[in-house]
Amino acid sequence: MAATNPEALHREKQKKRVGLKELPNAEQGKVVLRFAPNPNGPLTLGHARGVSINSEYAKMYHGKVVLRFDDTDSKVKPPMPAAYDWIKSDYEWLTGTKADIIIRASERMPVYLDHAEQMLAGGFGYVCRCSATDFKKLRDGKDACPCRPRSIEDNLIDWKLMIEGNIAEGEAVVRVKTDMDLPNPALRDWPALRIQHSTHPMVGERYKVWPLLDFQSAIEDHQQGVTHIIRGKDLMDSTRKQTILYSHFGWTYPETLYWGRVKVHDFGGFSTSGMRTDIENGIYSGWDDARLPTLRALRRRGFNATALRAFWIDLGLTQKDISVSLQTIEAFNAKEIDANCERRAFVRNAVCLDLITEIDESNPGDIISISKHPDGAIEGSRIWNLGSRKILVEKQDAEIETIRLKDYADISNINGKAIVQSWDRSDKRPIVHWIPENMAREAELSIPHGMELRSVNGMIEDYELKIGQIIQLERVGFAKIESLTDDLPVKLIWLHS
RNA sequence: GCUCGUGUGGUGUAGUUCGGUCCAUCAUGUCGCCCUCUCGAGGCGACGACCCGGGUUCAAAUCCCGGCACGAGCACCA
């Protein structure tokens, strides 16, 4: 045997860093972050990343999160009045707290319009009356458009016409002056505000000129003292555009971090507008349809907010475009909820057997008690009455000759007769779940599976069932009790295994 | 086309700042074994990766150069 290097034995294995990376230039108590959704529907699993990461950083640095509704477009992505409250409650559900500051861009219009005027008066912005296509042509050739050199006075006159509603939509736009030689064409004299005469669901027809995201967001971040922006990397050019605007105003741009695109294999993308259309067309029953990746749907199915946050924080903040599996989220969820879920039996394709027992001194009798949770995480027992001498097992299990009825007895199963062979576990025969026939109640388990909703019928153990309760169906998986109506089967909604 | 960004096992991540302590972390997954009571649970174990090619160096996942692949932006959407 060769000599062992003692150092090699003591070498420490490297550890995985836990939690989020440090934020650059972050000072305890002074960090201000923001989460800025478009209120065109409730929050999705994708938004949950933004909410989780931002709120976690706020917690780490004892900072604040601004929840801002970016509702400055009423034509392409019109805001949904109901969505403001949905998002607020989705946010609260997920983080367990209210956002520190909540604002709507549409109520802050005077601020944006005022800054637009400052920009024009300062000569670093101008009103452009070229058509979008003409401008694009000029911009691609690094050529300034004819409106650019006009005087501040002329710009202010046009601006007045714009905000008074005297210029039609598409006829004018306010641009931020940049270097036309910028290598990135997307940045050259980018548009800051445009005309929209449509009715805004929150403020009506009060405003004729609306800021675009890059302008509105930049001004508002400064107003709120945002120190760190975390956004999708598709918005990298926004950062560059806004940095130019900030330097015009003499402000310092916040630290900016990015994440890549996320897909959850089982859902695909998270298009809110796509879901909205499908709901309107009756493909889905509503925003909480179990097949949808909305937070409300996930919550309805029994996903836990802490688990969802833990999942996103574990993923961390990287610029890679990723595709994750729902299975991973489910594993986080199972870990989180297991200790709180009572067990119940659910027998699909039930087969009824006659229970035959010999009277002997080890016979536990007709009243047996089974723990609500295998390792006692939940106290108490379920009390079963075997008085009817009839039991239900799954058809598949009934085809096996010798099985063990979980927590009861080893039996031989021949011709519909379950004959007790031993009370104690006597060999390695399979353990199956079962229920006394007189304690069984019909149930329907609804399982979302991609575009379809599968339904599995069976008999559930009717013991202390409560509506809204998440239980673990032994050997099947977690499910939530959706409805408990007399005379109707219990409705269960599938969570995961 | 122009601009920007990213490349670590099946998936996702740690490590990359300041090269060695990395025969590369953890989770999820898959497979196997165990189980005195969920074989869709639990326990244990195994599997599996630094995009490619050069270079610098005693030493590279880490630094340099060149490829390649993938993604995003180039909206009067967010």
Side-chain angles (χ1 to χ4, degrees), chain A residues 7-8 10-18 21 36-40 69-79 105 128 130-133 135-136 139-140 142 169-175 182-188 190-196 209-214 216-217 231-241 258 260-262 265 272-273 310-311 314-325 327-332 334-335 338 343 345 370-371 374-375 404-410 424-426 428-433 472-478 496-497:
Chain A
E7 281 184 28
H10 298 135
R11 188 166 64 200
E12 268 183 45
K13 279 286 178 192
Q14 66 180 114
K15 295 273 191 290
K16 179 175 172 166
R17 176 186 53 70
V18 284
K21 270 183 198 127
N38 178 331
N40 64 345
F69 296 104
D70 280 347
D71 57 349
T72 56
D73 171 62
S74 51
K75 295 195 78 166
V76 183
K77 287 183 179 171
C128 171
C130 301
S131 73
T133 51
F135 183 83
K136 183 175 162 47
R139 184 198 65 186
D140 288 347
K142 298 188 175 181
E169 289 186 14
E171 297 291 306
V173 64
V174 175
R175 296 188 179 283
L182 252 22
N184 187 345
L187 271 35
R188 298 174 197 148
W190 55 273
L193 302 99
R194 81 319 206 175
I195 298 167
Q196 283 198 340
V209 177
W210 287 84
L212 286 146
L213 173 82
D214 292 319
Q216 175 271 126
S217 169
R231 52 165 54 138
K233 67 173 183 177
D234 53 316
L235 260 28
M236 278 183 165
D237 283 348
S238 279
T239 302
R240 299 179 184 109
K241 289 180 197 173
Y258 306 93
R261 205 155 182 77
V262 187
H265 174 76
T272 304
S273 46
F311 167 76
D314 185 70
L315 281 199
L317 193 53
T318 64
Q319 291 189 28
K320 276 199 279 185
D321 294 324
I322 55 173
S323 177
V324 296
S325 165
Q327 272 190 106
T328 309
I329 302 177
E330 292 173 347
F332 272 84
K335 212 164 284 174
D338 181 84
R343 312 290 130 130
I370 297 169
S371 58
D375 40 72
R404 178 167 181 83
L405 302 178
K406 186 176 179 312
D407 297 312
Y408 185 58
D410 285 357
D424 293 325
R425 185 142 165 75
S426 62
K428 294 190 174 180
R429 65 184 70 194
I431 298 166
V432 307
H433 62 294
Q472 191 197 79
L473 305 172
E474 286 174 331
R475 293 217 297 150
V476 179
F478 294 94
H496 51 72
S497 53

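Note on naming: letters A, B, ... go to the chains in the order of the sequence lines (proteins, then strands), and numbering restarts at 1 for each one.
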Name all residues meeting the salt bridge (Lys or Arg N to Asp or Glu O under 4.0 Å) criterion together with A/Lys142; count only those two or more places apart in sequence or in a different chain, and write none if there are none.
none

Under the rule for side-chain contact (heavy atoms from CB on, under 4.5 Å), what residues qualify as partners of A/Ile370, not counting sequence neighbours?
A/Ile368, A/Arg382, A/Trp384, A/Asp407

Base, sugar-phosphate alone, or nothing: which one does A/Arg240 contact when heavy atoms must sit under 4.0 Å apart?
sugar-phosphate

Under 3.5 Å for both distances, Watson-Crick or G-U wobble, that's the pair rule; now give the dot-bracket for RNA chain B, with | marking pairs to another strand and [ ] for crossing ones.
(((((((..(((.......[.....)))((((((.......))))))...(((((..]....))))))))))))....

Does A/Lys16 reach the side chain of A/Asp314, with side-chain heavy atoms less than 4.5 Å apart?
yes

Would you indicate what A/Pro185 reaches in the nucleic acid, counting non-hydrogen atoms under 4.0 angstrom: base, sugar-phosphate, or nothing?
base

Its contact letters, B for base, S for sugar-phosphate only and - for none at protein heavy atoms under 4.0 Å, make nucleotides 10-20 of chain B read -SBBBS-----

Without decimals, in angstroms, what is the distance between A/Lys233 NZ and B/rG7 C1'?
10 Å

Taking protein heavy atoms under 4.0 Å as touching, what does nucleotides 35-41 of chain B look like 5' to 3' if B marks base contact, S marks sugar-phosphate-only contact and - marks none?
SSBBSB-

When all nucleic acid strands are considered with a 4.0 Å heavy-atom cut-off, which category describes A/Ile195: base, sugar-phosphate, or nothing?
nothing

Above 12 or not: heavy atoms from other molecules or residues under 6.0 Å from CZ of A/Arg261?
no

For nucleotides B/rC4 and B/rC50, find the distance between their P atoms and express it as a whole number of Å.
30 Å

Considering every strand and a 4.0 Å limit on heavy-atom distances, what is the contact class for A/Lys75: base, sugar-phosphate, or nothing?
nothing

Looking across every strand, which nucleic acid part, if any, lies under 4.0 Å from A/Arg139 by heavy atom: base, sugar-phosphate, or nothing?
sugar-phosphate

Sorted by chain and number, sequence neighbours left out, salt bridge (Lys or Arg N to Asp or Glu O under 4.0 Å) with A/Asp338 holds for A/Arg343

Qualifying residues under salt bridge (Lys or Arg N to Asp or Glu O under 4.0 Å), relative to A/Lys21, sequence neighbours excluded
none

Got a sec, which residues hit side chain to side chain donor-acceptor pair (under 3.5 Å) with A/Asp410, two or more places apart in sequence or on another chain?
A/Arg404, A/Ser426

Would you please name every residue forming a salt bridge (Lys or Arg N to Asp or Glu O under 4.0 Å) with A/Asp71, sequence neighbours left out?
none

The side chain to side chain donor-acceptor pair (under 3.5 Å) partners of A/Thr239 (sequence neighbours excluded) come to A/Arg231, A/Tyr258

Residues two or more places apart in sequence or in another chain: which of them pass side chain to side chain donor-acceptor pair (under 3.5 Å) with A/Asp424?
none

Given B/rC77, B/rA78, B/rU28, which nucleotide is nearest the side-chain atoms of A/Asp234?
B/rA78

I'd like to check the side chain to side chain donor-acceptor pair (under 3.5 Å) partners of A/Asp70; sequence neighbours left out, ordered by chain and number.
A/Arg68, A/Gln216

Could you give the NZ-to-P distance, from A/Lys241 to B/rA78, as a whole number of Å?
10 Å

Counting heavy atoms from C-beta on, name the nucleotide in B/rA78, B/rG73, B/rC76 closest to the side chain of A/Leu213.
B/rA78

